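Chain identifiers are assigned alphabetically (A, B, ...) following the order of the sequence lines, protein sequences preceding nucleic acid strands; residue numbering begins at 1 within each chain. In this text, all values refer to a predicted model and were calculated from it rather than measured experimentally.
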Amino acid sequence: MLRRSILPFRPWKFKIPAGFPPTPPSTRSSAAASAAATAEEEVDLSVPSSRSPDREETTKVRVRNPRRFLRDPWVSRLVFCHNLAGRGMIEDLRELLKQMIVDEGSNSSPTLCGILSDNFKGWDCNGLIWDNLANVYAETEMVHDALFVLGKMIDLNIQASILTFDSLMYSLRCTGLLCAPVEVACSENTYNTLIDSLCKQFRLNEAIRLFQEKRGCEFRPCIVTFNNFICCSCNMGYVGLANSFFSMMIKHGFIPNKYSYNTILHGLCGAGLMEEALRYSEDMERYGVEPDVVTYNVLVYGYHLLGMKSEAQKLIQRMVVKGLEPDIVTYTILISGHCRGGDVEEGLVMRQELLSRGFQLNIITYSVLLDCLFKMGRVDGVDWLVEEIRAVGLDLDHIAYSILINGYCRAGDIDRAIQLCRIMYIKKIPPNSYVHGAVLSYLCKREMLSDARWILDKLIESGQLLDVVLYNIVIDGYAKAGDMDDAVGLYEQIFNSGLTPTIVTFNSLIHGFCKSGMLNKARVLLHSLSLHGLSPNAVTYTTLMDAYRGEGNINVIVELLHEMVAKGVAPNVVTYSVIMKGFCEQGQMWVSRKILKDMYDKCISPDQIAYNTLIQGFCEAGNVEMGFFLHDEMLQKGLEPSPVTYNLLFNVLCLHGDLKNADRLLDMLVEKGVKLRKFAYSTVIQAHCIKGNACKAVLYFDKMVKAGFEISIKDYSAVINRLCKRNLLNDAKVFLKMMLRDGIPLDLELYVVMLNASRRQGDHRFEIELQAIIITSGLLCE
DNA sequence: GTAGGGTTAG
């Protein structure tokens, strides 16, 4: 039986969200809807009295429009509810209420409350029904409905039980709808629920204040209170604080349980502090708390974040030895590890293995694979995987949808993305800020800024508290387009919306000012960050450094490097690449070379762009050997040279006329199936044309076509132009034939080039042929 | 208490 509060209803402040309740759908016709105009009549109903619940007695109750009243399914179910309440069958009552609200779904509270207040006023158990209705809505996580019922209870002066408050607060703890407590008598659990609520909303300071104020006199913390503090501290990135709470828990006489250990382990692993995490896991065993699957999963996740695959494998073996079976979370972490390493194939193989062993994957595992397929540019693989998700009977959830929408937007398929948005609405999973962000990014990348702004303004007008990321995306769009007035205007609007800018907001503004040549403004912005409680990061400094590099000011770059290091901001691979480029542009390639070596000492792995920067520096200075040496070094370090690396090498070989090596390299790479850009082929082809070796030019042109590149008139013109310049008209004719055969018509520019060459060589016959071609094409009308 | 999604720099 529910314990009824003896206090008047004045427990907590709740924010009833704007726009709630929504207008009830017209399909929900009920006795309440038409009862207002009808007079009350007395009818006999079999309703047990709460005073003598054992006896079923016929009670006369007054209702409006009795015929309609008894026919209405909602009313008859509520009569039954009263019947159950009167017999003290509270569990059955709650089950029936739950069934009713689950059938009707969210937003059903206005209708239900309407029926209750219009038809059951004065019934013996009515208060109990209201209280349980609020309670069941809260337990079913329909918090807006629960709040609506409570609001009506206040209006009708019906008391709510403490259990209902606790249940509601528990449901509200993640929503931000729960405010500070006012004068109230609390159950044992109330403060713990409120601390949990504040922690879930990342309001750690308030939670700590409440803990300090109320501890001892008004409530006694329990182990869950401390676990909540540990969890919140970890989630907010304060692992040190989490450690303190862990110690405090022990000082209060609590023995940490597996939840305490797993929570702190998760915090430590997430922060990359594996050694400390392992120490905790050893302590755990020492104090008799047996590690479970979650413990191992958390540790495996820690290794996964550090990219330590073999350690993760060892841990899984240990887990199996201890008799624990890896579960779907373990496998998802492993699949995610393969995906993060760029090996989606391995992830898919693992999925296949699991399926063959009869293992059911869930939507999270599939989401990891979908996201990776998009990031690897494997959009083709997405369709069949989505098909598989449907075939195994899984529904896409909001994250899976946002992965798909983001992926399609990035792949440029906006139609597909919008189609999915529509499906989300139909499925009642309204697109959230991740989805809005994907569409805004799509528009901004295509400089469709007025469209992006229109959408953002509509979202702002809708009155929802927007995510600052959405502002950041559009501000960055303006900054990249050099429109700093609008960028700054939108930045100011962030404050009007009650939000605060982030470091990303400022980085975009700094980038914009740099791009617009206002480096001083950018630097002022850097130093104003602290006023907003923000600290510059590697992106901030790197953006500024790159701007000064553009001005050839290596001194300021070095100054900024010192400043960032002094402020504890670690330079990353992008920072070093910019600095290397700066030195290379000053002709100091060997300084850059030293920086690259230093990166290894600092455990920052140079990537392809870092190597390409240095290779470009040496190649432009004419040091071909060093270019190739660095290429070899990349291979030694297990770094696959990128198409840009090869562009640089082919370019330098051709510039130096070393076509022998250029051919050799091209043949070797084609044979090895290395992916090259068209630039690599056309550089070699053109170099052969310049040298007058048309045969080789034809040979590599053919290879370029076979490599699957789309060939345009520009490619033919480049070759024909060069051959004509060397008066190799017959070879130029070969390419012209190939071009016409490929269905590419002659244009006026190329016609003039070839006409002049044929006139120079007195090839009148070809002159006439050319004129015939050009007239047939309709380009020469006169 | 464990696994999945968006914005910024070369």
### side chain to side chain contact (heavy atoms under 4.5 Å, CB included) between A/Asp395 and A/Ile363, intermediate numbers included
CA-CA 7 Å; A/Asp395 284 324; A/Ile363 193 62; over 6 Å; no
Of all the choices, [options], which nucleotide is nearest to the side chain of [X] once you look at every atom?
X	options	answer
A/Ile403	B/dG6, B/dA9, B/dG5	B/dG5
A/Val578	B/dG4, B/dG10, B/dT7	B/dG10
A/Asn362	B/dG4, B/dT8, B/dA3	B/dA3
A/Thr542	B/dA9, B/dA3, B/dT2	B/dA9
A/Val329	B/dG6, B/dT8, B/dA3	B/dA3
A/Thr575	B/dG6, B/dA9, B/dT2	B/dA9
A/Tyr434	B/dG4, B/dG6, B/dT8	B/dG6
A/Ile328	B/dG10, B/dG4, B/dA3	B/dA3
A/Asp476	B/dT8, B/dG5, B/dT2	B/dT8

Spacing of [X] atom [atom1] relative to [N] atom [atom2], expressed in whole Å:
X	N	atom1	atom2	result
A/Ile399	B/dG5	CD1	C1'	6 Å
A/Phe583	B/dG10	CZ	P	19 Å
A/Leu470	B/dT8	CG	P	13 Å
A/Leu499	B/dG6	CG	C1'	16 Å

Would you mind classifying the nucleic acid contact of [X] as base, sugar-phosphate or nothing, using non-hydrogen atoms under 4.0 angstrom?
X	answer
A/Val573	base
A/Asn227	nothing
A/Asn572	base
A/Ala610	base

### Message
A quick test of your reading: do over 12 heavy atoms of other residues, nucleotides or ligands sit less than 6.0 Å from CZ of A/Arg318?
### Response
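Incorrect, the count does not exceed 12.
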### Query
When you check the phosphate oxygens OP1 and OP2 of B/dA9, does a side-chain N or O of A/Lys480 lie under 4.0 Å from one of them?
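It does, given that an N or O in the side chain of A/Lys480 lies less than 4.0 Å from OP1 or OP2 of B/dA9.
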### Query
Side-chain N or O of A/Lys581 less than 4.0 angstrom from OP1 or OP2 on B/dA9?
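Looking at the OP1 and OP2 atoms of B/dA9, neither is under 4.0 Å from any side-chain N or O of A/Lys581.
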Does any N or O donor sit under 3.5 Å from an N or O acceptor when you compare the side chain of [X] with the base of [N]?
X	N	answer
A/Ser402	B/dG6	no
A/Asn472	B/dG6	no
A/Asp607	B/dG10	yes
A/Thr332	B/dA3	yes
A/Asn537	B/dA9	no

### Task
Could you tell me whether A/Lys322 and A/Glu285 have a side-chain N and a carboxylate O separated by less than 4.0 Å?
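A salt bridge links A/Lys322 with A/Glu285.
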### Task
Determine the interplanar angle of the A/Phe495 and A/His532 rings, folded into 0 to 90°, and report it as parallel if under 30°, tilted if 30 to 60°, perpendicular if over 60°.
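Rings of A/Phe495 and A/His532: tilted, 30 to 60°.
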#### Entry: is_close_aromatic(A/Tyr491, A/Phe506), centroid dist under 6.0 Å
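When the ring centroids of A/Tyr491 and A/Phe506 are compared, they turn out to be within the sub-6.0 Å range.
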### Query
Should the pair A/Lys637 and A/Tyr611 be classed as cation-pi, given the thresholds of under 6.0 Å to the six-membered ring centre and 45° from the axis?
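Not satisfied by the 6.0 Å and 45° rule.
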### Task
Give, ordered by number, those residues of residues 298-308 of chain A having at least one heavy-atom distance below 4.0 Å to an atom of DNA chain B; if nothing qualifies, reply none.
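Under 4.0 Å from DNA chain B: A/Val298, A/Tyr301.
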Please tabulate, one pair per line, all N/O donor-acceptor pairs under 3.5 Å involving side-chain atoms of residues 520-527 of chain A, not counting sequence neighbours.
from	atom 1	to	atom 2	distance (Å)
A/Arg523	NH2	A/Glu559	OE2	2.6
A/His527	ND1	A/Arg523	O	3.1
A/His527	NE2	A/Glu563	OE2	3.3

#### Entry: Test ring pair (Phe, Tyr, Trp, His ring centres under 6.0 Å) applied to A/Phe226 and A/Tyr259, A/Phe245, A/Phe254, the passing residue
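Answer to the ring pair (Phe, Tyr, Trp, His ring centres under 6.0 Å) test with A/Phe226 among A/Tyr259, A/Phe245, A/Phe254: A/Phe254.
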